Every structure is written in C-alpha cells, then in structure tokens.
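See structure below.
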Amino acid sequence: MAGSNKLKGVSAVCINNNPVMDNPFSVEVCVAKKKQCQLALLSLTEDKLSVSKTRECSHPVLAMAMDGVYVCAALTTQYIVYNMENMTDTELFPLDPQSELLPTITKVDREEFLVLGPGNLGMFVKATGIAGRPPIQWSTNFSNIIYTHPYIIGQGSELVAVYSIRDQVLKQGLGYSGGRFVGFFDGNILLASSNNIDCVAPVPWEQQASSLLESGQVEEAVLLAKDTEEGNRVRQKAGFMYLKDGNFMKAEEMLLKGRTDVREVLSLFPGMLPVRSKFVRSIPPLHTIPDITSIKQTEISPNQFLVSYLQSVINIEGNSLDSCAEVHTAMVKVLCDVSPTEVVVFLKDENTVLDEEDLVEFFTSKSLHHFLATLLWKNNAESALKIWSQIITGELSDEYFPGVEFFSRQLSLCPEDLVYQYCDIALQKDTTMGAKLFMKPQLDFESDNQYIDNALNILSKYPEARISFLEFLVLERNSEVEKHHTQLAMAFISKVKTASESQSQCQSQNLSKLILTSKHLNAKFLLQNLKDTDLNYEKAILHGKLGEHERALDILVNKLKDYQLAENYCYDISANQAESKAKLLFLLLNIYMNPTSQLEKDKFTTLAVDLINNRAEDLNGSKVISILPETWNISIILPALRKFSRNLIHTQRMTKITKHLYKGENIQLHNKYVNTTKDPIFVMPNNYCVVCQKPFSTGGVARYPNGVMLHPDCVKDAQVCPLTGEVFRIKH
C-alpha cells in the first residue's frame with residue numbers, strides 16, 4: 001500500500017473513532033514516532049496511507065488515545081492532552097516514577113479518558129484537564145483496559161476484572177492466567193494469552209440478576225432488569241428486599257415499577273386482607289418475609305409505608321385494579337392507625353369500592369363506631385343515626401366523633417320520619433343546633449303546613465328552640481301566617497315574665513320590635529295576655545294596631561308618663577306617612593291640651609308648646625291653631641307659626657304649580673282630541689261592520705286608529721282591533 005513506510009519507527013498508535021474529517025470512506029489513525037518525538041495524523045483509505053497533520057512532542061510517547069481533535073498521551077515523564085486542531089496542549093500530572101507498569105490510556109466518553117495514575121488509581125480526565133468522575137482504585141495491576149458502557153474491563157497477568165463506571169465498584173472477577181491482551185470486538189470480549197485466544201461467554205441477564213440478588217447487590221440486579229415479565233419479577237424481588245431492610249422509599253419505587261400484585265404486600269400485614277379473600281402468595285416466592293413485624297425497624301412505621309404505597313397504586317391504577325375492593329378496604333384499615341382524620345373523607349369518596357361486610361367487622365372489633373356509622377350512612381341511614389345517637393347519649397364512646405353539630409347536619413338530610421325520631425337527642429344536647437333541624441332552606445308554607453305544625457309541637461318542650469324556629473319562620477322566611485307571629489310574640493311575653501331584671505329590657509325590646517314590624521299579629525289576643533304585665537309601651541302599640549290611637553297615647557302619657565316615648569309612638573306607628581303622622585301628633589296634642597288632672601295643667605301646657613314648636617313641620621297648622629286657647633300669648637308659639645306660615649305658602653305655591661300643570665295637560669289632551677276628530681269619517685253604502693257583517697244604517701259608527709270600522713255595540717275591547725289583532729295604547 002502506498003505510504004505504508006510511514007508506520008516505521010512507531011512507539012504508539014491509536015484509531016480516532018470520533019473523527020472530524022469530511023471523508024466517510026477513510027479512517028483516521030494517530031501514530032507516535034519514537035526517534036522524531038513526533039505525533040502524526042494519518043488518513044487511511046483503500047489504496048493509500050497519507051499524512052494529514054504532524055506536531056512535535058517534548059518526549060517520546062509511550063501510550064495514547066484519541067477522540068475528536070484531542071490526543072491524550074503518556075510521555076516518559078507525564079500525561080498531556082494535545083489539541084491537534086489548534087496545536088495547543090494541556091499538561092495533566094506526572095507519571096508515577098515507582099511504577100514498573102507501562103501507562104494505559106482508554107477513551108471512555110466524548111473528550112474523556114481513563115489513565116493510570118499514582119498509587120494504582122484509575123483516573124478520569126477530560127480534554128480540558130479536569131477530573132470528570134471519582135477515581136477507581138484498581139484491585140491489581142492491569143496491563144490493558146477497555147471500556148464498553150457501562151463497564152470498565154481490566155486485564156492483568158492472572159485476572160480479568162469488571163468495574164461499573166456508575167459507582168466505580170468491582171462487579172465481577174474472572175481468573176485468567178498469562179493474560180496478554182483484552183479487546184471488545186463486535187459485541188464479544190476476547191482474551192489473549194501467549195498460547196490462546198479466548199472469548200468470554202455472556203451469562204443470561206436473568207441469571208446474572210438472580211445471582212446479584214442472592215449476593216445482596218440489589219441495585220446492580222435492577223439495572224440489568226429489562227422491561228419484560230421476568231424483569232418485573234426482578235424488580236418485585238428487589239422491592240421486597242428493600243422492604244426487609246426498612247428502605248421504604250426504594251421498596252415502594254421497585255414494587256410499583258415491577259407491577260407487583262398489591263395483595264402480595266397486603267398479605268404481610270395481618271388483618272389487611274379480607275377474611276374471605278382467596279389470595280395465595282406467588283410460587284416460587286418473591287421474598288422470605290414471614291410478616292411485616294420481622295423487617296428492620298426505622299423511624300418510619302410499616303403502616304406509614306403502606307399508606308404511601310396504596311395511595312400511589314390508587315393514583316396510578318384508579319378503579320381499573322383487579323383487586324380494587326381489597327386495596328380500598330386495606331387503605332381504610334391502615335388510615336385508622338396512621339391518619340384517622342382522613343378515614344371519613346376516603347369513605348365518602350364516590351370512587352371508593354369497599355368490602356362493606358369486612359369493614360363492619362373491623363370497625364366493630366376496634367370500637368370505631370363513628371367510622372362504622374359513616375360506612376353505613378350510604379345505604380342504611382337509620383342504622384348510622386342509631387349509632388351516632390348512642391355516642392351522643394354516652395352508650396358508646398368514640399374520640400373521632402365530631403359532635404352534636406355533625407349529627408344535626410346529617411339528620412337534617414334525612415326524611416321527616418327520621419328527623420322526628422331522633423331530633424330529641426340533638427335538642428337535649430343543644431337546643432339551638434336542634435332547632436336548625438327543622439329550618440328547611442326551601443320551606444313552602446302551603447305544602448309544608450303540616451310539617452311546620454309537627455315541628456312546633458315537638459319544639460313545645462324546648463322553649464329556646466321553639467323561639468329560634470319561630471324567628472326563622474317570621475323573620476327569615478317572612479311567614480304571613482297569623483299564628484306564627486302571634487306564637488312568637490307569646491313566646492317573647494313568656495320570656496319577659498320569667499326574665500331577671502337585667503335580661504328583661506333585652507327581651508322586651510325583641511317583643512317591641514316584633515309588635516311594631518309585624519302586620520299579622522292577633523292584637524286582641526296579645527292584649528289579653530299583657531293585662532297583668534307592665535309592658536305598657538307594647539300595649540300601646542297593640543292598641544295602635546287596632547286603630548285605638550287615643551287609648552294608646554293615653555297609656556303612654558297618663559300611665560307611663562313617658563312623653564318622649566309617646567312622640568316615638570307617633571313616628572313608629574305612622575311608618576313615615578305624613579298624613580298619618582300629622583293625625584297622631586294632633587291626637588297627642590289634644591291629650592296635652594286636655595289633661596285628666598288640673599294639677600298637671602301647667603306641665604301639660606309646657607309639653608303642648610314644646611310639641612307645637614318642635615314638631616311644627618309634621619303638624620297640620622290650621623287644625624293646631626283652631627284648638628289653641630284664647631288666653632295663650634301668641635309669642636310662645638312664634639317658631640311654630642313661622643313654620644306653619646312657610647308651609648302654608650309652600651303648599652299654596654305648589655298647589656298653583658300643580659293646577660297649571662294639570663291645566664296644560666288638559667289643553668294638550670284637548671288638542672290631541674281635536675286633531676284626532678277633525679277629519680270626517682265617510683261611510684259608504686257598501687261599508688259594513690267587520691264583526692257582524694251588517695251595514696251602518698242605524699246605531700252609529702266606532703272606528704279604530706288603523707281605520708277599521710264597526711258598530712259601537714260590537715266593540716268588545718277598545719284597545720284591540722278585532723280584524724288585525726293590533727293593540728293600541730294611550731301614550732302618557
């Protein structure tokens with residue numbers, strides 16, 4: 001071959017498996033000339049060998065490897081990296097002067113090399129001069145080293161060793177006496193001695209993984225596992241080995257990746273599988289764990305691991321699991337121990353599939369009565385209510401029961417017969433909460449009349465609850481039923497009668513507010529019940545409801561002697577209606593002007609003057625002036641007279657304005673009428689009524705704005721045309 005003489009005097013040679021040349025039909029070879037201390041890049045084609053680039057070295061090259069444009073070389077004194085493109089170099093570290101071995105250099109990755117360092121260390125270096133990975137401590141002296149991902153294979157005189165590049169740990173050793181060379185060719189590892197060339201036969205990965213698992217090298221076995229059924233079995237075994245060692249995180253990961261039958265894990269936890277489960281553990285077995293108590297103890301409990309594992313399975317598989325009921329049932333059981341607050345949420349989840357019979361036995365044996373009632377609630381609300389009622393009454397105990405409020409909320413969702421049956425339990429514990437049982441959001445007073453009566457009968461034993469329910473009917477639902485208002489007023493009266501002095505004022509305020517605002521009270525009945533009380537203001541309001549304003553004001557003025565309250569009454573009863581207010585204030589003024597006792601005449605005169613002056617804007621001035629005694633000095637009511645005069649002038653002016661406005665409107669309407677009727681209506685001999693189809697010979701003519709004519713007696717609706725159906729409106 002032309003140019004083969006360039007291979008003479010070579011001390012080291014290597015092939016560049018990552019060339020940057022453009023010719024795909026050539027091989028790039030790097031050779032080191034011993035005498036010239038020179039590196040040469042050669043291009044080898046089918047017919048010739050040519051030099052493409054050379055560079056000088058400071059010392060002879062003992063060994064080298066090339067990747068891309070970089071050559072990592074071992075000189076007689078040190079390791080160095082040459083850049084054959086830029087002609088630069090990077091010094092690494094000196095050779096070990098005490099080592100008798102020739103240096104070895106192996107390419108392991110892009111621009112990364114493995115070299116023999118001091119102390120028989122395998123050192124990884126990059127073309128930039130930095131270490132890419134931790135070094136490897138060789139177990140013996142290697143004369144040749146090759147790399148096939150992810151393993152480094154070293155050949156010594158008596159041994160071939162295999163290391164993993166991932167963790168730099170010895171994975172396997174093979175005795176081979178007299179070894180001279182090791183190489184990787186077309187997927188086969190070849191070993192050479194002085195007499196033989198041998199091929200290392202590969203062991204099936206299944207066998208390797210099994211051996212690694214037996215020796216405790218779990219991670220290495222998992223790395224070998226493929227995505228097959230056998231590979232899943234390796235991951236399952238690894239998962240159980242991690243579980244035995246208490247490494248729950250890795251155990252969960254492997255069990256999930258290996259698609260382990262969840263029941264295989266549940267079988268380790270006593271009582272987790274339902275009694276009726278027919279599950280049998282895998283044969284051959286996946287582990288040697290008798291039960292979960294025999295695993296290594298850690299800070300994390302086995303039940304915490306089980307919750308995490310089952311939650312992951314549920315999230316991944318959903319309800320498509322073959323053993324869905326067993327998994328969900330086990331989840332409930334283990335949550336009772338690890339996180340009881342989550343049990344109710346899980347039981348209520350619509351996607352949960354449970355073995356109800358097994359859980360009933362479990363909850364009963366553990367005295368978890370609230371969880372049992374929650375489970376039964378879906379299909380047997382009465383049984384659930386019975387259990388909750390027993391917890392409230394103390395027959396059963398359960399620390400996880402939320403309380404009466406929860407019971408009341410659940411009971412309110414039940415049919416009326418169950419509400420009537422169990423409401424007393426809630427009412428005895430909390431009357432306010434119990435009353436809410438009957439407060440339906442969509443209560444209809446017509447259709448639910450019987451329900452309301454039943455509720456009031458039941459609540460008659462619980463006065464506070466009855467008041468709350470009546471307030472709901474009257475104040476919130478705006479009931480217009482007289483008995484609801486009257487019963488609420490009677491309840492307030494009873495509370496006022498029995499209340500202490502400190503509470504009496506508050507209770508009377510509630511009664512006063514109800515009497516003032518309600519339009520549906522039986523005033524006569526309430527007055528009879530107020531006879532023996534000192535609730536005079538309330539009596540006065542009730543008299544006012546009956547139209548007996550003089551009697552009401554007489555009570556306030558002559559009995560209570562609360563004159564401010566009498567004025568307030570006038571404003572409260574009138575409800576801001578000016579005419580009614582003026583009438584009531586005039587009645588009050590009459591009482592002041594005509595005192596029942598002459599001893600109070602001066603006092604009442606003063607009150608009358610104050611009333612006239614302070615309330616002049618609300619009084620009818622002409623009526624007030626007409627009843628004033630002739631003996632009064634006009635100056636004492638001068639402020640009121642000014643207001644009366646001003647009001648009178650304002651009223652007079654407003655009347656004139658109103659009069660002129662009506663007059664203008666009348667003129668406009670008259671003008672419209674004239675414009676509408678000025679044009680004559682021509683009735684021809686052949687015209688006829690559109691309703692009766694008869695001519696207009698007698699009886700007159702009626703005409704719609706659209707021109708349709710008919711007899712006046714035939715008009716049924718003056719605004720709707722009988723022929724076209726058009727509707728006419730008068731515009732204001």
Side-chain angles (χ1 to χ4, degrees), residues 12-18 30 62-67 71-74 79 96 99-126 131-212 215 217 219-226:
V13 63
C14 68
I15 296 175
N16 187 2
N17 290 322
N18 185 27
C30 184
L62 303 178
M64 65 180 178
M66 186 175 185
D67 181 68
V71 176
C72 182
Y79 288 101
D96 187 356
S99 176
E100 298 179 356
L101 292 172
L102 287 174
T104 58
I105 302 176
T106 306
K107 178 210 164 188
V108 295
D109 205 350
R110 187 175 182 83
E111 300 177 3
E112 185 178 15
F113 306 93
L114 175 63
V115 302
L116 178 63
N120 204 25
L121 283 176
M123 302 186 68
F124 296 93
V125 293
K126 290 186 173 291
R133 309 171 198 266
I136 301 176
Q137 181 63 62
W138 300 128
S139 57
T140 186
N141 296 327
F142 295 129
S143 56
N144 290 288
I145 295 175
I146 63 171
Y147 173 73
T148 174
H149 184 77
Y151 298 109
I152 299 169
I153 303 169
Q155 173 256 316
S157 59
E158 300 293 334
L159 176 71
V160 175
V162 180
Y163 293 82
S164 172
I165 197 172
R166 291 193 177 99
D167 56 8
Q168 294 80 43
V169 175
L170 177 66
K171 301 299 180 184
Q172 188 175 358
L174 178 67
Y176 190 75
S177 180
R180 297 291 185 88
F181 179 79
V182 61
F184 186 74
F185 305 98
D186 295 330
N188 297 310
I189 299 174
L190 299 182
L191 298 175
S193 65
S194 56
N195 300 319
N196 301 311
I197 295 177
D198 300 302
C199 179
V200 179
V203 178
W205 72 265
E206 295 89 348
Q207 187 176 337
Q208 293 182 53
S210 179
S211 299
L212 289 170
S215 62
Q217 296 174 283
E219 290 188 13
E220 289 78 2
V222 171
L223 290 173
L224 288 175
K226 301 185 182 300

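Predicted model, so just to flag it, every value in this text is computed and none were measured. Side-chain atoms are counted along with the backbone in the values below, which use heavy atoms only and exclude waters and symmetry mates.
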Could you check if a side-chain atom of [X] sits within less than 4.5 angstrom of a side-chain atom of [Y], using non-hydrogen atoms only?
X: Cys72; Y: Met64; value: no
X: Lys107; Y: Ile15; value: no
X: Tyr147; Y: Leu114; value: no
X: Asn144; Y: Thr104; value: no
X: Leu191; Y: Val160; value: yes
X: Val125; Y: Glu112; value: no
X: Ile152; Y: Ile136; value: yes

Applying ring-ring contact (aromatic ring centres under 6.0 Å, His included) to Tyr79 and not counting sequence neighbours gives Phe93
Could you grab the distance from atom [atom1] of [X] to atom [atom2] of [Y], nearest 0.5 Å is fine?
X: Ile145; Y: Ile105; atom1: CD1; atom2: CD1; result: 10.5 Å
X: Gln155; Y: Thr140; atom1: CD; atom2: OG1; result: 10.0 Å
X: Ile146; Y: Ile189; atom1: CD1; atom2: CD1; result: 5.5 Å

Answer yes or no: does atom CD1 of Ile197 have more than 12 heavy-atom neighbours from other residues, nucleotides or ligands under 6.0 Å?
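Check fails, neighbour count at 12 or below.
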Taken in chain and number order and not counting sequence neighbours, the residues that satisfy side-chain hydrogen bond (donor to acceptor under 3.5 Å, both in side chains) with Glu206 are none
**Study point:** ring-ring contact (aromatic ring centres under 6.0 Å, His included) pairs, two or more places apart, involving residues 159-178
**Key:**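 Output for this query lists Trp138-Tyr163.
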Item to complete: State plainly whether the residues Lys126 and Asp67 are in salt-bridge range, i.e. N to O under 4.0 Å.
Response: no
- Message: With a 4.0 Å cut-off on N to O distance, would you call Glu219 and Arg166 a salt bridge?
- Response: no
What pairs with [X] under salt bridge (Lys or Arg N to Asp or Glu O under 4.0 Å), at least two apart in sequence or on another chain?
X: Glu111; answer: none
X: Asp167; answer: Lys171
X: Asp96; answer: none

